[in-house]
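See below for the structure under consideration.
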Amino acid sequence: MSDNTSAPDCWEAAADENLSTIATSMSTLNVNAPVFIPNVNAPEFVPSFMKEETGQTQPAAPDPPPEPSTGTPEDLAVTNLDGDVTADSWEEAADAATPSPNRETPPTPPTPGTPDEDEEEDSDEIKKPKKKPLDEDDSAPKKEPVNVIFIGHVDAGKSTIGGQIMYLTGMVEKRTLEKYEREAKEKNRETWYLSWALDTNLEERDKGKTVEVGRAYFETDQKHFTILDAPGHKSFVPNMIGGACQADLAVLVISARKGEFETGFERGGQTREHAMLAKTAGVKHLIVLINKMDDSTVQWSEKRYNECKEKLVPYLKKVGFNPSKDIMFMPCSGLTGANLREQIDETLCPWYKGPAFIPYINNLPPLNRNMSGPFMMPVVDRYNDRGTIVMGKVESGCCKKGDNIVVMPNKTPVTVDMLWRDEDETGTVNCGENVKVKLRGVEEADVAPGFVLCDPSNPCKTGRIFDAQVVILEHKSIICAGYSAVCHIHSVAEEVTVKLLLCTLDKKSGDKSQLRPRFVKQDQIAIMRFETSGVICMEAFKDHPQLGRFTLRDEGKTIAIGKVLKVLE
């Protein structure tokens, strides 16, 4: 073994030698030297060889960044119509009591110093799509947000129509669709390629069945539409309910193909249940698109169109839609795009004189929004991407970047870090918009679908026991105290138990029974006391309809609909 004379006797001796060396070096430093102050306005350093090539002498100092806007949205007048409105249904009363935004507000003047569009046209640079500055006042959006959900039986053509609309409005390029068509042909699914614009999941594309609610958007000259593509299979009805609670407008897609309409409309088909669930979720207007009119078994037959229409109207009327003002029927072909954007050719369908689908929804009257209420946004989904990001629809009020809000029912205080509207970052979100919010101060595991982002000064109510008015739609046996079912209220799915039957209501007069019933059965209306398995967010229907209506489901079927009368805390 060789003797290493250069090795220290121990590690401590080596450390002492290093310290003495460092002390010697530090003694030569001038501790009284003046403090270095950088010149922030100094010109950018450019090497001499770069100056010769570009001919640049001295670049100008950059302009200071603009100060962020501190303007706040104007308060909108609230007209309280409680007591002055007589309505035939829950929804009409709720709609009448919802304040409508003032639509005669003059447009916001342009910010001084902003270059005109005409000046930019002289530039030789490649033009990029403009993004709205984050400090721009978003309290009064130029285009009204409208959330449209496509519902109906499986294979009716919901995803195909959605994909065709995306193509017709320029949201999906022709090259992308050609790629989808080639890939679909390889899987022997030639006619499904349009649906791939919304069915992005590999499992959905392979099986041809929508599982999760697809999401996309398009714009017209007046409105900004968010498309929600709901699954049609009965196994995924809970997913459909989650999408319906975000919708303002429902499109019921019907297949006119021989045999397919009958299968979807008969008991067990999803046409009936989807229409009823859309009405329960608060959808005011229903458009019935009778699809596949170009099929060889139909060939744009007026007789087949009228046959479907005559069978649907009585049921939709029973659900609560008014045929004269709440329902619009249209023939169309999702595969060819006929009657979606352009009015149908008279040579193809001479008997239909109505409007096309997109112009019709563009010209619908504005929706009532609770713009001046406290901020409330039920969480539909959440994920982690360098922070906790939640998704949902703003049901009341507005929110700005940097606001301090609270997550109910856990009462967790959080800060709004970032806001997105359709993948574009924004500074303000308003009632009616589908948005994503990045939160600071909470982990993803501490937020779940059904939680509600609220204004700290006026949070939503929470509880486990509540009284509700319930309409029993379809249930073979009786319902009494102790009965359990799954309650879907906004984006919450929670098990509830009937704690007490308080009274029944007469359908015609609305009078309450004097004695407490021992049980209720199908087609009866009752007031019950429910208890949930956990604390959930909810509101009385008269105060906040979107957080006060619910659906009861049992054994894969919707058995009842109801509205919360009182939250017992």
Side-chain angles (χ1 to χ4, degrees), residues 129 143-152 154-185 187 189-202 204-205 208-232 239-240 243-244 246-253 255 287 289 291-294 330-344 355-364 391 393 420-424 433-436:
K143 296 185 179 181
E144 181 194 3
V146 181
N147 304 291
V148 183
I149 187 167
F150 286 84
I151 58 175
V154 64
D155 288 337
K158 300 181 292 299
S159 300
T160 298
I161 290 176
Q164 185 70 260
I165 290 172
M166 297 293 291
Y167 170 63
L168 293 174
T169 54
M171 301 306 296
V172 176
E173 295 181 353
K174 188 176 181 181
R175 289 184 306 175
T176 306
L177 280 185
E178 289 172 350
K179 175 192 169 191
Y180 289 162
E181 191 171 8
R182 287 194 305 270
E183 293 175 355
K185 195 170 184 180
K187 297 185 178 183
R189 301 285 190 267
E190 293 92 337
T191 58
W192 293 359
Y193 73 98
L194 284 165
S195 67
W196 286 17
L198 288 163
D199 289 343
T200 55
N201 191 321
L202 187 60
E204 292 178 329
R205 292 182 173 183
K209 291 179 183 176
T210 304
V211 176
E212 299 176 349
V213 176
R215 190 185 300 266
Y217 71 94
F218 69 96
E219 289 188 343
T220 62
D221 55 345
Q222 299 177 29
K223 299 180 182 179
H224 178 99
F225 292 96
T226 300
I227 296 177
L228 302 167
D229 177 32
N239 293 1
M240 178 266 167
Q246 305 170 61
D248 304 309
L249 177 68
V251 180
L252 179 62
V253 181
S255 172
I287 299 171
L289 281 182
N291 189 27
K292 303 187 183 181
M293 290 294 291
D294 59 333
M330 294 182 185
C332 76
S333 169
L335 199 60
T336 64
N339 207 38
L340 290 180
R341 185 175 183 180
E342 303 292 337
Q343 195 165 3
I344 198 165
F357 173 70
I358 294 176
Y360 176 77
I361 61 175
N362 187 44
N363 294 323
L364 285 173
M391 301 168 62
K393 177 189 171 187
W420 292 272
R421 186 193 302 123
D422 292 324
E423 308 303 329
D424 294 331
E433 295 177 341
N434 264 286
V435 299
K436 291 193 293 186

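- Counting all heavy atoms, side chain and backbone alike, I227 lies closest to M166 at CD1-SD, 3.9 Å.
- Contact check for D155 versus S255: no side-chain heavy atoms found under the 4.5 Å cut-off.
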When you look at N291 and C332, which way does the side-chain contact (heavy atoms from CB on, under 4.5 Å) test go after all the steps?
CA-CA 5 Å; N291 189 27; C332 76; 3.8 Å; yes

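- For Q343, there are no side chain to side chain donor-acceptor pair (under 3.5 Å) partners at least two apart in sequence or on another chain.
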Step by step, would you call F225 with I165 a side-chain contact (heavy atoms from CB on, under 4.5 Å)?
CA-CA 11 Å; F225 292 96; I165 290 172; over 6 Å; no

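- Atom CG of L289 and atom OG of S333 lie 11.0 Å apart (nearest 0.5 Å).
- Partner of H224 under the side chain to side chain donor-acceptor pair (under 3.5 Å) criterion, out of E433, E219, R421, K143: E219 alone.
- For the atom pair L249 CG and I287 CD1, the distance stands at 4.5 Å (nearest 0.5 Å).
- No donor-acceptor distance shorter than 3.5 angstrom exists from the side chain of N362 to the backbone of I358, with no hydrogens or angles considered.
- Residues passing the side chain to side chain contact (heavy atoms under 4.5 Å, CB included) test with A250 are I149, I151, A278, V283, L286, sequence neighbours excluded.
- Closest heavy-atom contact between L252 and G152: CD1-CA, 3.9 Å.
- The two residues F357 and M330 make their nearest non-hydrogen contact at CA-SD, 3.7 Å.
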Trace of the side-chain contact (heavy atoms from CB on, under 4.5 Å) decision for V146 with I361:
CA-CA 9 Å; V146 181; I361 61 175; over 6 Å; no

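- In summary, K393 and D248 engage in a salt bridge, as defined by a charged side-chain N under 4.0 Å from a carboxylate O.
- With rounding to the nearest 0.5 angstrom, the NZ atom of K292 is 9.5 Å from the CG atom of L335.
- With sequence neighbours excluded, the residues forming a side chain to side chain contact (heavy atoms under 4.5 Å, CB included) with L168 are Q164, L340, R341, listed by chain and number.
- In terms of modelled atom types and a separation under 3.5 Å, the side chain of K158 and the main chain of V253 share no donor-acceptor contact.
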Kindly determine whether L364 and K223 satisfy side-chain contact (heavy atoms from CB on, under 4.5 Å), including the steps that lead there.
CA-CA 10 Å; L364 285 173; K223 299 180 182 179; 3.7 Å; yes

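- One finds the OG1 atom of T226 at 5.0 Å from the CG atom of N434 (value rounded to the nearest 0.5 Å).
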